[in-house]
Asks: 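Below is a structure I'd like to ask you about.
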There are 2 protein chains.
Amino acid sequence: MPVQPSECPVESVISILSGRWKIPIYRYLFINNKPVRYSELHRHLPSISKKMLTEQLRELERDGIIERKSYPEPRPRVEYTLTSSGRSMIVFLDQMSDWGQHHNQNKRDEREDII
Amino acid sequence: MPVQPSECPVESVISILSGRWKIPIYRYLFINNKPVRYSELHRHLPSISKKMLTEQLRELERDGIIERKSYPEPRPRVEYTLTSSGRSMIVFLDQMSDWGQHHNQNKRDEREDII
DNA sequence: CTGTATCCTACAAGATACTG
DNA sequence: CAGTATCTTGTAGGATACAG
C-alpha cells in the first residue's frame with residue numbers, strides 16, 4: 001500500500017496548495033488582509049471560471065485556510081478571509097519564494113556558463 | 001491568459017514537488033545523504049513502478065533537485081544524489097512539516113470541541 | 001451576486017510487458 | 001541492473017448554460 005496522503009505533513013501541505021488557483025487566491029487575500037467578496041476575487045483573477053473559483057474556494061475552506069461568510073441580503077454577499085492558521089503559512093511561503101528565486105538564478109548562471 | 005507557471009516562484013516550487021513520489025524520494029535521498037542506486041530506491045519505495053520511478057527521477061533531475069550519475073560497468077549502476085540546491089530545500093520543508101502538524105492538531109481540537 | 005449542473009479534454013499515474 | 005514502450009484509467013481543469 002502506498003503512503004496515505006495524511007501520513008506525511010509535507011505531502012498534505014503540498015496537496016492543499018496544489019490547485020491551479022490556490023496561490024493566486026491566497027496572495028490576493030493575504031495582501032488585501034480584509035474580507036474579500038466573491039465578485040472581487042473573480043474580477044481580480046482574469047481567466048478563472050466561476051466553477052473553478054468556487055471549487056478552489058471550497059477546497060481552501062475545507063482545508064482550514066480560508067473562512068467563508070455569507071450575508072443573505074437582498075443582494076447576496078459572500079466574503080472570504082484567511083484564517084489565522086492560513087495566514088501563518090506565509091512563513092514558509094516566503095522561504096519557498098526566496099529559494100525559488102535563487103534556484104532560478106543558479107540555473108540561469110549555469111546556462112550562461114555553457115554558452 | 002492565465003499566469004505562466006514560471007512567473008511565480010512559489011507556484012514553480014510547488015509544481016516541482018507535486019509528483020506522487022517526489023517527497024518520498026527526496027526524503028530517502030536526504031536521510032541517506034550519499035549516492036543511492038536506482039535499485040535501492042526501488043526496494044525502498046514499496047509500490048512504485050519502474051516507469052513512475054524513472055519519470056519522477058527525470059523530473060527532479062530536470063528541475064535541478066537531484067543529480068544522476070551513470071557508471072556503465074558490466075553490471076550497470078546508476079546513482080542519485082541531492083544537489084546542494086535541492087538539499088537546501090530542507091529549510092522550508094521542515095517548516096511546512098511543522099505547520100502541517102500544528103494545523104492538523106488545530107483541526108482535531110475543533111472537531112473535539114464540537115463533539 | 002454567487003453560485004450549480006453538464007459535458008469535455010488533457011494529463012498524471014498505474015498495470016504490464018519488453019530491452020540493452 | 002536500470003530502464004522503455006504501450007495501454008488504460010482517474011481526476012484536475014476548462015467551456016458553457018442555467019438558477020436562487
Side-chain angles (χ1 to χ4, degrees), chain A residues 1-5 7-8 11-12 14-26 28-29 35-63 65-81, chain B residues 1-5 7-8 11-12 14-26 28-29 35-63 65-81:
Chain A
M1 210 56 164
V3 195
Q4 322 284 19
E7 202 165 304
C8 168
E11 286 175 292
S12 37
I14 289 171
S15 92
I16 286 175
L17 296 175
S18 279
R20 170 73 183 81
W21 299 97
K22 298 288 178 68
I23 297 296
I25 291 171
Y26 181 94
Y28 192 76
L29 293 181
V36 170
R37 297 183 63 168
Y38 182 88
S39 50
E40 189 181 346
L41 272 169
H42 201 207
R43 229 173 304 119
H44 179 71
L45 274 43
S47 52
I48 191 174
S49 71
K50 291 177 193 171
K51 180 204 158 207
M52 280 307 296
L53 179 53
T54 304
E55 247 176 55
Q56 305 273 300
L57 289 169
R58 292 284 187 277
E59 288 176 19
L60 288 169
E61 189 190 4
R62 177 202 64 200
D63 293 332
I65 309 305
I66 67 175
E67 208 175 343
R68 175 183 186 276
K69 273 181 187 156
S70 167
Y71 304 88
E73 300 161 352
R75 296 248 169 144
R77 178 166 56 104
V78 179
E79 294 183 334
Y80 296 92
T81 45
Chain B
M1 212 53 166
V3 196
Q4 321 286 18
E7 203 166 304
C8 168
E11 286 174 292
S12 37
I14 290 171
S15 91
I16 287 176
L17 296 174
S18 279
R20 170 73 184 79
W21 299 97
K22 299 286 178 69
I23 296 297
I25 291 171
Y26 181 94
Y28 192 76
L29 294 181
V36 171
R37 299 182 61 168
Y38 182 88
S39 51
E40 188 181 345
L41 272 169
H42 200 205
R43 229 173 304 118
H44 179 69
L45 274 44
S47 51
I48 192 175
S49 70
K50 291 178 191 172
K51 181 204 155 208
M52 279 307 295
L53 180 52
T54 303
E55 247 176 57
Q56 305 273 299
L57 288 169
R58 292 283 187 277
E59 289 176 19
L60 287 169
E61 189 191 4
R62 177 202 63 200
D63 293 332
I65 309 304
I66 67 175
E67 209 174 341
R68 176 183 186 275
K69 274 181 189 156
S70 166
Y71 304 88
E73 299 161 354
R75 296 247 168 147
R77 178 165 57 102
V78 178
E79 293 183 337
Y80 295 92
T81 45

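Note on naming: letters A, B, ... go to the chains in the order of the sequence lines (proteins, then strands), and numbering restarts at 1 for each one. All heavy atoms count here, side chains included; hydrogens, waters and symmetry mates do not.
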Asks: From CD of B:E59 over to P of C:dA12, roughly how many Å is that when rounded to an integer?
Replies: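 Computing the B:E59:CD to C:dA12:P distance gives 7 Å.
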Asks: Atom NE2 of A:H44 and atom CG of A:L53: how far apart are they, to the nearest 0.5 Å?
Replies: 11.5 Å
Asks: Phosphate oxygens OP1/OP2 of D:dA12: is one of them under 4.0 Å from a side-chain N or O of A:Q56?
Replies: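 Answer is no, no contact under 4.0 Å.
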Asks: Donor-acceptor pair, A:Y28 side chain versus A:E40 backbone, under 3.5 Å?
Replies: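 Between the backbone of A:E40 and the side chain of A:Y28 there is no qualifying donor-acceptor contact (under 3.5 Å).
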Asks: Could you check how far CE of B:M52 sits from C1' of C:dA15, rounded to whole Å?
Replies: 12 Å
Asks: Could you tell me whether the side chains of B:E61 and B:Y80 share a donor-acceptor contact shorter than 3.5 Å?
Replies: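 Result is no, nothing qualifies.
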Asks: Write down the distance between CG (A:L53) and C1' (D:dG14), rounded to a whole number of angstrom.
Replies: 14 Å
Asks: What is the separation between atom CD on A:E79 and atom P on C:dG3, rounded to the nearest whole Å?
Replies: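 So the two atoms are 12 Å apart, to the nearest Å.
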Asks: Which whole-number value in Å describes the distance from A:K50 NZ to C:dC1 P?
Replies: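 That distance rounds to 8 Å.
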Asks: Determine: side-chain N/O of A:S39 to OP1/OP2 of C:dT2, distance under 4.0 Å, yes or no.
Replies: yes
Asks: Looking at D:dG10, I'd like to know if its phosphate oxygens (OP1 or OP2) sit under 4.0 Å from a side-chain N or O belonging to B:R20.
Replies: no
Asks: For D:dG3, does OP1 or OP2 lie under 4.0 Å from any side-chain N or O of B:Y80?
Replies: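 For D:dG3, OP1 or OP2 has a side-chain N or O of B:Y80 closer than 4.0 Å.
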Asks: Near DNA chain C, under 4.0 Å by heavy atom, which residues of residues 66-76 of chain A?
Replies: A:R68, A:P76
Asks: Apply side chain to side chain contact (heavy atoms under 4.5 Å, CB included) to B:R68 and B:R58, showing your working.
Replies: CA-CA 9 Å; B:R68 176 183 186 275; B:R58 292 283 187 277; 3.4 Å; yes
Asks: If you check the B:Y38 side chain, which of D:dT16, D:dG3, C:dA13 turns out closest?
Replies: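 Out of D:dT16, D:dG3, C:dA13, the nucleotide with an atom closest to B:Y38's side chain is D:dG3.
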Asks: Between B:K51 (NZ) and D:dA5 (C1'), how many Å, whole number?
Replies: 10 Å
Asks: Are there over 12 heavy-atom neighbours, none belonging to A:R62, within less than 6.0 Å of that residue's CZ?
Replies: yes
Asks: May I have the step-by-step check of side chain to side chain contact (heavy atoms under 4.5 Å, CB included) for B:L57 and B:W21, ending in yes or no?
Replies: CA-CA 9 Å; B:L57 288 169; B:W21 299 97; over 6 Å; no
Asks: Rounded to the nearest Å, what distance is computed from the CD atom of residue B:E55 to the C1' atom of nucleotide D:dA2?
Replies: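 Going from B:E55 (CD) to D:dA2 (C1'), I get 15 Å.
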Asks: Can you check the A:E40 CD to C:dC1 C1' distance for me, whole Å?
Replies: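 From A:E40 CD to C:dC1 C1': 14 Å.
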Asks: Have a look at A:R58 and say if it touches a base, only the backbone sugar-phosphate, or nothing, with a 4.0 Å heavy-atom cut-off.
Replies: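 The answer is sugar-phosphate, as A:R58 gets under 4.0 Å only of primed atoms, P, OP1 or OP2.
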Asks: Could you go through A:L29 and A:L60, starting from their C-alpha distance and side-chain angles, then the distance that decides it, and tell me whether this counts as side chain to side chain contact (heavy atoms under 4.5 Å, CB included)?
Replies: CA-CA 12 Å; A:L29 293 181; A:L60 288 169; 5.9 Å; no
Asks: Using only side-chain N and O atoms of B:R37, determine if any of them is under 4.0 Å from OP1 or OP2 of D:dC1.
Replies: no
